[in-house]
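Throughout, a chain's letter reflects where its sequence line sits, starting with A, and its residues are numbered from 1.
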There are 2 protein chains.
Amino acid sequence: MTDTTGPPTPTPLGERPSFLLAQLGLHAVTRFAERLAPLGLHPRHFVLLAHLAGGDGQTQQQLADTMGIHRNVMVGLVDDLEDRGLVQRRRHPADRRAHALHLTEAARDLLAQAQHAADEYDAELLATLDETDQARLITLLQRVAAHARLPVGVHPNLGQRPCDVAPDAARPAAV
Amino acid sequence: MTDTTGPPTPTPLGERPSFLLAQLGLHAVTRFAERLAPLGLHPRHFVLLAHLAGGDGQTQQQLADTMGIHRNVMVGLVDDLEDRGLVQRRRHPADRRAHALHLTEAARDLLAQAQHAADEYDAELLATLDETDQARLITLLQRVAAHARLPVGVHPNLGQRPCDVAPDAARPAAV
DNA sequence: TATTGTTATACTCTATAACTATA
DNA sequence: TATAGTTATAGAGTATAACAATA
């Protein structure tokens, strides 16, 4: 059968996994950005700090590859964080072209607060599910992500415009 | 306890539901846009056509509210589809300021193809899960979306730049 | 010749505000 | 006065290409 007339009842958007994921993904990143804004951090800054905390001294290019963004964008992100005294560009011991990025103590304090805010938001996002279903959902999402060959912990477009993080604005607690 | 030092082991990004949703959401909308591109449709066009198929004769403002976008953006979307002969702007029977939007037969044909492409993509996206887990994931996502008070079938930022849909390009099949 | 960091440019998308014609 | 549609404008974000320093 060449079914060119289409199915009698098309799948509603609210039942499409792709649509649900797109809708929830945008919502999650927007709300998470709102939670991070009081700390003066953009979601991308959070991801950058988190990745850097996993290994000090990485180059900008390495971090850009890890985060799935272009090195040009990385320049601006590091500029922001350096202006705020959260990261330092030091001489790379082995390559004089590259910068070795290092977190400051203030950054580790602020990152801990950001992780706490993220934990709170994640809990609230899934608050309607019991613990079993929460774990089930996370596992299912991880399986789908793995099947799509998405790198673990990498997300290039984390929140473009939910908040504007001026280097000299809104940092009530740390720094 | 004022836990300002943070937890000893921060939650990895790959275990955060907010991060997984953001990552998968962007991935889904990007890949879906690629599937739709051969039809000359942007995801937003697809959503517009799908909503309009549910009720012909709506005004641009009504559709914009339904889709969660501004009426200014709706103008451009309707322009695209009208240029391609997929929708018609007719006189509204009750309000001479408004346009009554109507789908053409070509649009219904193309929409059926797009729905088919969406079904195919959704199936592939979840191909790694058996039927039980697929249904479970969709239900869990719907519950989380409902808890977040997300309107059913509404997603404003559906794919900004994965493909550029020129009104006079790339329409192999219909129209 | 290739690569790191940087800067400049153009392009896209969005948000805001205006304008008109109707209500 | 408020609303539907339209247009224009400015802003943010991105991508591409170049450049200097170094490998």
Distance, rounded to the nearest Å, where B/H99 contributes NE2 and C/dT22 contributes C1' | 11 Å
Touch class at under 4.0 angstrom, heavy-atom based, for A/R71 against every strand present | base
When the distance from CG of A/D65 to C1' of C/dT3 is rounded to whole Å, what number comes out?
-> 12 Å
Go through D/dT16, C/dT22, D/dG5 for me and flag the one nearest to the B/Q60 side chain.
-> D/dG5
With distance as the sole criterion, is a donor-acceptor pair present between the side chains of B/Q134 and B/D130 under 3.5 Å?
-> no
Could you check which of D/dT7, C/dT6, C/dA23 has an atom nearest any side-chain atom of B/N72?
-> D/dT7
In whole angstrom, give the distance that lies between atom CD of A/Q58 and atom C1' of C/dG5.
-> 16 Å
Nearest-nucleotide 5' precedence on DNA chain D, A/R97 against B/M74 = B/M74
Looking at B/R91, does any N or O in its side chain come under 4.0 Å of the phosphate oxygens OP1/OP2 on C/dA21?
-> no
Rounded to the Å, how far apart are B/L77 CG and D/dT7 P?
-> 14 Å
Answer yes or no: is there a donor N or O on one side and an acceptor on the other, between the side chain of A/Q58 and the main chain of A/H102, under 3.5 Å?
-> no
Taking CD from A/Q62 and P from C/dT3, how many angstroms apart are they, rounded to a whole number?
-> 14 Å
Protein-nucleotide distance (A/I69, atom CD1; D/dA15, atom C1'), rounded to Å | 13 Å
Can you tell me if B/D119 and A/T11 form a side-chain donor-acceptor pair at under 3.5 Å?
-> yes
Please work out if B/H92 contacts a base, only the sugar-phosphate, or nothing of the nucleic acid, heavy-atom cut-off 4.0 Å.
-> nothing
Sugar-phosphate only, base, or nothing, as touched by B/D95 at under 4.0 Å among non-hydrogen atoms | sugar-phosphate
Distance-only side-chain donor-acceptor flag, B/Q115 / A/R16, under 3.5 Å = yes
Provide, to the nearest angstrom, the distance between the CG atom belonging to B/D79 and the C1' atom belonging to C/dC13.
-> 16 Å
How many angstroms lie between atom CZ of A/R71 and atom CD of A/Q60, to the nearest 0.5 angstrom?
-> 10.5 Å
Calculate the interatomic distance between B/L101 atom CG and D/dG5 atom C1'; express it in whole Å.
-> 11 Å
For the side chain of B/H70, counting heavy atoms from C-beta on, which of D/dG5, C/dT16, C/dG5 is nearest?
-> C/dT16
